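In this text the structure is predicted, and so the values were computed from the model without any measurement. Atom set for the values below is all heavy atoms of this structure, side chains included, hydrogens, waters and symmetry mates excluded. Chain identifiers are assigned alphabetically (A, B, ...) following the order of the sequence lines, protein sequences preceding nucleic acid strands; residue numbering begins at 1 within each chain.
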Amino acid sequence: MEHILSILIFFPLAAALFLLVFFRGGKSTMWAAFAASVVEFIFTIPLMTNFDKTNGGMQFVEQTWWIKSLGIQYYLGVDGITILMIFLTTLLTMIAILGSFTYIQKRQKEFYIAMLVLETGMVGTFLALDFFLFYIFWEAMLIPMYLIIGVWGGKRRIYAAVKFFLYTLAGSVLMLLAIIALYYVHGQVTGEFTFDILKITSQYAAYSKGFQMLIFVVLFIGFAIKVPMFPVHTWLPDAHVEAPTAGSVILAGVLLKMGTYGMLRFCLPMTPYATITMMPYVAALSVIAIIYGALVAMVQKDIKKLVAYSSVSHMGFVTLGIYALNQAGIEGGILQMFNHGIITGALFLLIGLIYERTHTREIADYGGIAASVPLYATIFLIFTMGSIGLPSMGAFIGEFLVLVGAFEAFSDWAILAAIGVIFSAVYMLWMFQRVLYQSLNKKWENLADMNLREVIYIFPLLVIVFWVGLYPETFTSYIHESVKQLVEHMATAAVAMK
Amino acid sequence: MNEIFMNIGFWVLGITAVVSSLFMVTRENPVHSALWMLLTFFAVAGIFIQLDAEYIAAIQVMVYAGAILVLYMFVVMLLNPKSTGFIKMPFKVVLGGVVAVVLFVQILMTLMGTGVIKSTQLGNINYPEGFTNVKAFGTVMFTQYIVPFEVASVLLLVAMIGAIVIAKKD
Amino acid sequence: MLTLAHYLVLSAIIFSIGIAGVLIRRNLIVMFMSLELMLNAVNINLAAFSNYLQQMTGQIFIVFVMAVAAAEAAVGLALIISLFRNKQTINADEINTMRG
Amino acid sequence: MIFAVLTLLGPLVAFLINGLLGRRYIKNAAPVVAIAGVSVSFVCALILFYLVSTQGFSVDGTLYTWVIAGSLQVPFGILVDPLTSIMLIVVTTISLMVHIYSIGYMHGDKGFWRFFTYLSVFTLSMLILVLGNNFLMLFVGWELVGLSSYLLIGFWFFKKSAADACKKAFVMNRIGDFGFYIGLLLVIFTFRSLNYSDAFNAEAIHHVKETTYTVFGMNFSLLDLMTFGLFCGAMGKSAQFPLHTWLPDAMEGPTPVSALIHAATMVTAGVYMVARCNALFSEAHMTSQFVIFAGATTAFLGASIGLTQYDLKRILAYSTVSQLGYMIMATGVGAYVAAIFHLFTHAMFKGLLFLCSGSVMHAMHDNLDVRVMGGLKKKMPITHWTYLIGCIAIAGIPPLAGFWSKDEILAMTYGSGHTFAWLVGTGVAGMTAFYMFRSYFLVFQGTPRDQHLHDHAHESPIAMTFPLVFLAICSVLVGIVFGYPLEDGFIHHFLGPVLTPAHAHAHEMAHSTATALMALSIAIAVAGISVAYLFYVKMYPVLPEKTVKTFKPVHKLLLNKWYFDELYDFLFVHPIVMLSSVVFWRAIDVNVIDFTVNAFGRVPMWIGSVARHIQTGRIQTYIFTMVVGVIVLVAFFYTV
Amino acid sequence: MTPQAMMNLVSIAPEVLMTVFGLILVVLDVMTKGEKKSMVGYFGIAFMIITALISQPAIGGKYLGFGNMVMWDTFSYVFFVIFALAYTLTTLGSVEYLRDKGILKGEFYTIMFFSIIGMMFMVSAFDLTVFYVGLETMAISMYVLAGFNKKCAKSAESGVKYFIIGAFSSGMLLFGMTYVYGATGSMNYLEIAEALKNGAAENATVKIGLILMLAGFAFKISAVPFHMWAPDVYQGAPTPAAGFMTVAPKAAAFASLVRFVWIALEPVAGLWGTFFSILAVLTMFYGNLVALSQTNVKRMLAYSAISHAGYMMIGLVAMNKEGYQAIALYSLIYAFMNIGAFTLLGVLKNKGMVEDERLESFAGLAKKNPMYALGMLIFMFSLAGIPPLAGFIGKYMIFMAAMKAELYWLAVIGALNSALACYYYMRVTIYMYFNEPEYEVDATIGRSAFITSFIGAVVVLAVGFFPSAFISFVKHLLV
């Protein structure tokens, strides 16, 4: 258990190197990659079981110097906010790899290597407690994702890959400067020059309001692009649509969460004054994202694009919850991050597997295929309902908590956000109707239903969706304490601000 | 008397240098240019003498007029290039002249703005007892400036190798 | 009365003529000659300052400048010959195949 | 507690078995599983009812804590009280009957097992809805019945109309649920809990009675706002004006579904909810007024449209809308018991009517146009008689079920002083009698209008007729058993403790007034029946045609359902779609945001492609640039 | 031996050693023939290693000899190591290129070797004379290297261009130098500083002299608007030479500049601070913007080299210890990634895998030759400054220095530019990975070029992950 976090981070990388050296592509590579991802997932289980839920602080901490002369540490830790994300990451990577077996037909070896490297980046981002380390992982993820979109993507993959890359990069270069600024300011305040996130956070009271505002805005823009929030969301539809299934799954499932994770870990606790000042504006943006995303999703002609815009809408709930700055809101936000990962991930998998058979993503090309693929239709329906936020499924709990929290903080915005509940039903069901219901398009009469492999990789997601919906405490119990600490932290800051 | 002589010398040499360099720049034929340059070199050598730098004046004549210029002439003859004259666009010629003049004016203004320089009268360099220009030069060169002197040898070696490798016909 | 300024102005004039020469001529060799002119201007400056400061450093520097000038002349002319072999021209206007 | 849990487990297990194994292994044996499941619930419901009614038994327990967020804790809990037990009876009875009926009705359908799976889901959801002990459970059930409804309406998903209808139903409900959601949030805000026991605490309510709440800068009474939100949910689910349009379309589903979901149980969830929240609603005066308004309007709209429809199921559907309006109106005036009572009786007779229509449909090869039927009473005696009983019951002729509950509602409405609502209600009663008998006469009496169809008509199998008979008996009996004597029957004593006794006004009402009202409503019903007889037996088809000609615009308006669908399309659907696709997507997303983003890429590219021309490749240019650079820098440093 | 004599000897020993080795190389060159000429280069590498091993000064040790003329200290040493690395990598990467082009001559290595002696003098100079002669040694070597491929018109053209413009700029440098000399009365850095402190800074001629001098420096580091030569020269020069030219002379120019401005011009920090901050902004923008519109990869890399000079100038403007440490680190890292990229470029072109360095001809390289494509990808992303690759560490140090100096605006401009720059680096990877190949080529690449790119890639990765060693290497730098 000592180095479980390091193992979690570097095992996929080691596996990738192993693949690079010893494999030549083909079936064996796939299975090797899958095996690696399964092992990685298994590593998270002791992490989950040994996690002390009554402790809101960092656990399994690993801390050594990395670049001592610059005050940079190799500092890892996991708390309630991250542990679910780790679980989500390893789970989705595993599933995405299994889901790519038939989808990826060219350069398979490279693909699985990219996936595993990406996993390292994602896990590292969530676990890093050193700002510099965080930034390294944060950016490092871009390259494999860029390749996944660009090499294995659809027709406009190049545009999408470049857009994804540059958009995100543009947001994060200034973030780097903010990080350095925090480093120096913290150094000036305490005399200790360090990138230690916890230490920098603990000194928030010493940062002037103007400085906090500046840092907040810069960090926020960086994270907002990743989330993505309106109006910096336009990379998402392109990236989602063009990415291969596994790419979309990871993108929607994990990468978007990095933005909100960043807000939770940095924007809120480090710059609480600014956060409190900016709270209503962020809420407004979130609500715009919720409604705007839903409305635009409604009129999309491409299934993936529709789901992509729906992500904008759903992630709006997450940010709304987080910036409510109360227990319910933040917990809801985190849970919603988790749920969105599971549900949207599953939807992308489902779209991907039908795309493999039909080679079209145009909604208009489908119609009535529920008749030829009943099992598929059922599972698709379940996740559609999950996405809509039907009670008994995960997203409902998340949305509910978000709205409870948001209602307490800014009721008017919460009411507007709740309108999103209507629209989500409209666009998802309309899509569902046009794709699976109505009269059967003759082309798809002999469409093959889901095979065993496909059922196997969807199944865990199915279980989790209901699990979260029916007994969320399994998951929320991890986050209670950490969120409580965060909320108390914000409350203290709010008092200090006055 | 000496001063008048010096004055006359300066003006003659100076005007020669300026005029000959102007001619050098403006002659179409490169051979003419080279010859005008020779005149400039001589004039400059004279200026050096005026400035108490006899040794420099000597090597100016030897190195520039004797070696470098010959090299130029040699190359000019060797290549016998058809293209002569100025760049084709008169506009650019004017522009080139203008910026040169502007830069000159800037330098001039700077110089004029500095009182010390304007009022300082130049005289002879005072050498220590028993020293002449050459001796003083040699002493300093081979004590204080021995390092750059040695580096210059490396420089010349490189130039030699380089010139050979570039100019040699394989 | 000859002041330092006289020499400095003289050198500035020659320097400017050198620059003008580089800018307006298109024969590489003549351009190169103009560069030599600039170096001469430098030398005048150095000699003048050497006299003004009553020390040998300036004069010694002139020697280095000359050494460099000689070395440059050797290499530069070799390069020009090499170019001429390739393109049959030493016209500055015509060596612009790489641009943009 | 154990029984309550068992009630839930029955359908749950049935659903799981059918859902997971149905397609491959169970297939045609699916009904056995499903019926077994619902029978367990039925038995448990009866036991619970017995316990509650005789021993004053009640349960308010937590199975486990469901959602925890800070101080808010929402249990997965169960509440059994008289209201619940009545609802359980309604739900399980109808559900069981429909299950049995479906064996016959759905026989031979490709999705046989699927149908029963869905039915189990529905039963489960409905039971969760009524058994939950907090608002969130209610909401869960609420949404899940919506899902089941969606699935069942869209059971024949390959029909576009069905696919449209199921989506419409879900979306319309969602609009209501939006309000419900807000209501929930306000409940949490107010009571810091979602448990009924905390929210319906008289002291707590008293505490917030005068509180106002600011929304978008406007002040509202907190309770009004909260109940209005909740009521929006009810409007969606119970198809109240203006969210009523989905219900008639929902008839695209198989008929048993219409009977179960869209007549007897799910659509009454709204009534149940309002009744359940009576503690809140009775304190919220503004909302109450709105409830009455919505109920009365709905009752009238439904009835008026019902007058002109030709599709048998649609007639019944509009009748359902209308009856739901009644119930809602009753809750509005505070007659909660009457509302629940009507819910109960309505479930019986409307379930019966729908099942009958299914039987007719079966006989007529899925044809539902009343104009091609006629004279079926000979061919289908059981269906005929049971349908007749249903019609009488709904028309409000004593001693059948409908009379007792409907009369009570009208009396209460009158008694509470809402005379206009009462007038509407009475008028609607007449209309109801008229159009129900209109359908009866057209279908069963007279001469066959399509001989071919008529020849092939036959009575339905036993699996279908048994439920008809059972429900017919119920329709005859429940009213008198539960409701006699008027306003003081078993049901009043039973529900009284949970539902605030409705009325001060009622008790003040003189006995003579009550009798007069009763007589009036009977008279109206009889009048309605007579007119129907006149129109559709005696003078058919001359008189109807003449009437139609005389009131052509009105008829057209009614035939087209007051153009609500078109209005909504015009007001909401088209503008929103246009706004989304033209303004938000094409204009803002693509042409503004993305354009800007791309400009960030293109502008540097453009600058670069221009700037590269400085690099001419000429030595002179390069040196020139350097010299100019020096000049500028010198100038700069001399001026600074 | 007196301590002073000892000091003198130590201060110049590495250069002397190098010169001796250089002469041995000349002899070796004569003794080898044909294919064996590469031995000259390899021996050069060995000599470099020997020199690097024995000339390492003690940490903090300063050996200032010959009347404050030459300094050998960590600063000189670190930059010497950078030059040595550049030499080593270029040599390894060039053998194959030169052989293919038929210009495998010992002189290539000899000249490169001697140019490094010039650079070492530049860096360790404490006197303008030493500096100037060193500078010219380097410059003349570079002219020769640029025009080394005599048979190629472009190479000759770039040699001549470089030469004329270079000579012009050194003319300006000299002219400026004379004024500085005149006003301060000395060529020695320490004495110049002393004089400036004592009022010479008021002298107007110092200003114009310094501007002219700094313009000369700016030429060497290819700062806008004195950069114009750079793209043409890099494009025309033989590719390995171009790689070398983008790294070593630039590093030398920066190092000597740092020495000069820190020691001699310390009293007029405001002047050169402003001067270079203006140039830094112009350089970054111009380099990146024009690189965006390039279709020739080599030329694009040339422009990118310009923009990198811009980033490094930020470190200069920061005027703090972190600043020049960052410059050293940046040069070090840049040596690996840029020479790696140029080597790959040259070899790929010679083998016909890419045509004329055209961007389009990179299409599908990942399919044709995955390993080299991966290498190129790593270099490109490293140049773009994407973590965890080495280029990021370099940029990061630069930004650290700027933030410390509170040059926020410059840091922001730098950061924005590095985002802008990403696109053109990415474009190479786009063609390599995302497009289908235009044509098929079957070719194998020799060992030495592979080793170079492999070392480059591995170091670029390793520095990204374990920058400690590199950072502590430059951490002891003191001017």
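Listed by chain and number, the residues in a salt bridge (Lys or Arg N to Asp or Glu O under 4.0 Å) with C:K87 are E:E157 (sequence neighbours excluded).
Only the side chain of B:M37 comes within less than 4.5 Å of a heavy atom in chain C; its backbone stays farther off. Contact annotation for B:Q144: neither backbone nor side-chain heavy atoms come within less than 4.5 Å of a heavy atom of chain C. Contact annotation for B:L78: only side-chain heavy atoms (C-beta onward) come within less than 4.5 Å of a heavy atom of chain C. The parts of B:A53 that come within reach of chain C are both its backbone and its side chain, each placing non-hydrogen atoms under 4.5 angstrom from that chain. Neither the backbone nor the side chain of B:V98 comes within contact range of chain C; no heavy atom of the residue lies under 4.5 Å from a heavy atom of that chain. With a threshold of 4.5 angstrom between heavy atoms, B:I107 approaches chain C through side-chain atoms but not through N, CA, C or O. For C:A41, no part lies near chain B; criterion is any non-hydrogen pair under 4.5 Å. At a 4.5 Å heavy-atom cutoff, the contact between B:Y127 and chain C is made by side-chain atoms alone. With a threshold of 4.5 angstrom between heavy atoms, B:I68 approaches chain C through side-chain atoms but not through N, CA, C or O. B:L71 touches chain C through backbone and side chain together, each having a heavy atom under 4.5 Å away. Contacts of B:T40 with chain C are made by side-chain atoms alone, with heavy-atom separations under 4.5 Å and no backbone atom involved.
Residues B:E28 and C:N27 have side chains that never bring a donor and an acceptor to within less than 3.5 angstrom of each other. Using modelled atom types and a 3.5 Å distance limit, the side chains of C:Q59 and B:N133 yield a donor-acceptor pair.
Ranked by heavy-atom pairs under 4.5 Å with chain B, the list C:I13, C:L53, C:V68 is led by C:I13. When the candidates B:V63, B:I59, B:V101, B:I164 are compared by the number of heavy-atom contacts under 4.5 Å with chain C, B:I59 comes out ahead. The choice from C:N43, C:I14, C:I19 that makes the most heavy-atom pairs within less than 4.5 Å of chain B is C:N43. Counting heavy-atom pairs closer than 4.5 Å to chain B, the top-ranked of the candidates C:I17, C:N51, C:I44, C:L10 is C:N51. In terms of non-hydrogen atom pairs under 4.5 Å with chain C, the most contact-rich of B:A159, B:G97, B:A152 is B:A159. Options C:A73, C:A47, C:G58, C:A20 differ in how many heavy-atom pairs under 4.5 Å they form with chain B, and the most are formed by C:A47. For chain C, the option among B:L108, B:L22, B:L95 with the highest count of heavy-atom pairs below 4.5 Å is B:L22. Annotation: maximal heavy-atom pairing with chain B below 4.5 Å, among C:V75, C:I60, C:V63, C:V30, occurs at C:I60.
Crowding of B:F149 atom CZ: a count of heavy atoms from other residues, nucleotides or ligands under 6.0 Å not exceeding 12.
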Please report the C-alpha distance between C:M56 and B:T139 in whole Å, then the side-chain angles of each, then the deciding distance to 0.1 Å, and finally whether the side chain to side chain contact (heavy atoms under 4.5 Å, CB included) criterion is met. CA-CA 10 Å; C:M56 296 307 287; B:T139 313; over 6 Å; no

Hey, mind stepping through B:L69 and B:F41 against side chain to side chain contact (heavy atoms under 4.5 Å, CB included) and telling me if it holds? CA-CA 9 Å; B:L69 196 85; B:F41 286 162; 4.1 Å; yes

Can you check side chain to side chain contact (heavy atoms under 4.5 Å, CB included) on B:F42 and B:I47, steps first, answer last? CA-CA 9 Å; B:F42 280 122; B:I47 303 249; over 6 Å; no

Applying side chain to side chain contact (heavy atoms under 4.5 Å, CB included), run through B:E54 and B:V134 and close with a yes or a no. CA-CA 8 Å; B:E54 300 95 81; B:V134 181; 5.7 Å; no

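A perpendicular orientation is assigned to the rings of B:W11 and C:H6, their planes being inclined by more than 60° (bins at 30° and 60°).
Between C:A69 and C:L39, the shortest heavy-atom distance links the atoms CB-CD1, 3.7 Å.
Checked against the 6.0 Å centroid criterion, the rings of C:F32 and B:Y72 qualify as a close aromatic pair.
Annotation: side chain to side chain donor-acceptor pair (under 3.5 Å) contacts involving residues 7-24 of chain C, sequence neighbours excluded, comprise B:Q50-C:Y7, C:S11-C:N45.
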